[in-house]
Amino acid sequence: MSTGYMLPIDGHKIQITNPQKLLWKELQLTKLEYVKCLIELAPFLIPACNERYLTTIRYPDGVHGEAFFQKNCPEPTPEYVTTAWQGDHRYIVLDKLPTLVWLGNLACIEFHPSLEALTSSQPLQWIIDLDPSIPDEPRIMDAAMKVGQLLRSLGIESLPKTSGATGVQLTVKLHPGPSWEELKQFGRFIAQYLCEQHPELFTIERLKKDRGSRIYIDYAQHDIGRTIAAAYTPRATPYASLSMPLYWEEVAKKPKPRDFHLRNAAQRLEHTGDLLASFPPQALQPIIASFLSAQR
């Protein structure tokens with residue numbers, strides 16, 4: 001068994017150490033195959049993370065082994081890796097393929113970019129995170145439909161995506177305007193309304209022990225300094241799922257998050273293209289200003 005494999009990427013030779021190490025034992029998916037999957041995902045995953053502060057979750061011994069969050073860029077740092085400081089942390093900026101391959105060799109499985117950009121503290125997206133309280137929630141797509149329909153009734157179009165684990169996240173790309181606090185207040189209003197209309201389905205209880213089987217609407221996760229699983233990121237599940245943007249027509253057919261995984265993602269994305277990149281930003285300021293005025 002080879003202990004190393006040299007991969008030429010954009011003029012750089014990147015060593016893949018222990019290429020036959022199994023990162024997903026159930027699937028017999030090796031580190032080298034994982035890196036090759038990342039290369040296929042690169043045209044989608046890199047734009048979803050670029051110009052953000054990147055946190056990764058590393059699984060050196062595979063997804064069933066111990067994991068740790070990586071905020072600071074590890075040493076030694078290859079010369080092609082871009083970094084950016086925020087406070088005491090020197091973050092990696094995922095802006096090119098060699099960096100992605102290097103991270104893949106380090107067994108970085110999950111990619112969680114910041115919600116703010118490197119060059120602006122203004123929110124560029126608004127995200128509503130639906131987090132099931134039970135492992136296999138059959139109502140999660142119905143819940144996403146209800147949230148999407150409510151937003152549409154307010155004049156807001158949202159893009160659904162699987163979290164890659166068990167949940168669904170609705171993304172709204174923004175024109176500059178709303179502040180973090182305004183979005184949080186608006187998100188709280190949306191969440192409370194949904195809980196009142198569907199008390200058996202939704203909750204805003206932060207403690208899992210208080211949720212029962214209801215789906216948690218995590219409106220508070222969207223804030224400066226926080227992260228969320230990027231679109232197209234792999235996740236450390238036994239089935240090697242990844243976070244996948246969806247058409248609303250697909251949501252209506254109730255797919256399972258595990259339907260989208262490393263071994264079928266490239267074929268799907270060749271057909272759909274980058275749904276996140278093609279989703280247009282919206283001006284929420286007039287809607288939020290009207291809401292805040294009504295609350296006074």
Side-chain angles (χ1 to χ4, degrees), residues 42 44-58 69-74 77 81-96 99-100 103 108 110-131 147 151 156-161 163-165 167-191 206 217-233 235 243 245 274-289 291-292:
F44 308 91
L45 180 57
I46 291 175
C49 296
N50 193 13
E51 299 181 1
R52 310 292 178 95
Y53 303 98
L54 181 67
T55 297
T56 65
I57 307 180
R58 290 175 60 177
F69 283 83
Q70 177 180 279
K71 290 182 178 289
N72 281 301
C73 181
T77 306
V81 174
T82 304
T83 62
W85 285 92
Q86 186 184 49
D88 295 330
H89 295 295
R90 178 182 173 233
Y91 287 91
I92 295 166
V93 180
L94 183 50
D95 57 357
K96 60 178 74 71
T99 300
L100 180 60
L103 290 171
C108 296
E110 301 193 8
F111 298 79
H112 297 247
S114 64
L115 293 170
E116 72 271 26
L118 301 176
T119 57
S120 173
S121 61
Q122 288 292 309
L124 302 179
Q125 297 177 347
W126 178 45
I127 297 172
I128 297 178
D129 188 11
L130 302 179
D131 184 12
V147 180
L151 294 178
I156 302 170
E157 291 297 326
S158 58
L159 178 71
K161 76 177 182 73
S163 71
V168 172
Q169 295 149 358
L170 279 68
T171 299
V172 179
K173 290 167 72 172
L174 302 174
H175 286 303
S179 68
W180 296 99
E181 183 57 33
E182 288 172 337
L183 288 169
K184 189 178 292 187
Q185 290 182 37
F186 190 52
R188 184 185 302 117
F189 165 76
I190 295 292
R206 292 195 65 80
I217 307 175
D218 190 359
Y219 64 86
Q221 175 62 23
H222 188 272
D223 205 352
I224 192 167
R226 298 192 178 184
T227 66
I228 202 158
Y232 313 110
T233 181
R235 301 301 300 268
S243 180
D274 191 339
L275 295 183
L276 178 63
S278 62
F279 192 69
Q282 298 167 72
L284 260 61
Q285 191 64 50
I287 297 171
I288 293 177
F291 156 75
L292 292 176

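As a basis for the values below, the full set of heavy atoms in this structure was taken, side chains included, without hydrogen atoms, waters or symmetry mates.
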Under 4.5 Å between any side-chain heavy atoms of [X] and [Y], yes or no?
X      : Y      : result
Leu94  : Thr56  : no
Leu124 : Glu51  : no
Leu45  : Thr233 : yes
Leu183 : Pro123 : yes

What closest approach, in Å, do [X] and [Y] show between heavy atoms, and which atom pair accounts for it?
X      : Y      : result
Ile217 : Ala191 : CG2-CB, 3.7 Å
Arg235 : Ala229 : NH1-CB, 3.4 Å
Arg226 : Glu116 : O-OE1, 4.4 Å
Tyr232 : Leu276 : OH-N, 3.6 Å
Thr55  : Phe69  : CG2-CD2, 3.8 Å

Rounded to the nearest 0.5 Å, how far does [atom2] of [Y] lie from [atom1] of [X]?
X      : Y      : atom1 : atom2 : result
Gln282 : Ser158 : CD    : OG    : 8.0 Å
Ile156 : Leu284 : CD1   : CG    : 4.5 Å
Asp131 : Gln169 : CG    : CD    : 9.0 Å

Problem - Test applied, ring-ring contact (aromatic ring centres under 6.0 Å, His included); reference residue, Phe186; option that passes from Trp180, Tyr219, Trp126 - result: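 For Phe186, the ring-ring contact (aromatic ring centres under 6.0 Å, His included) test succeeds with only one of Trp180, Tyr219, Trp126, which is Trp126.
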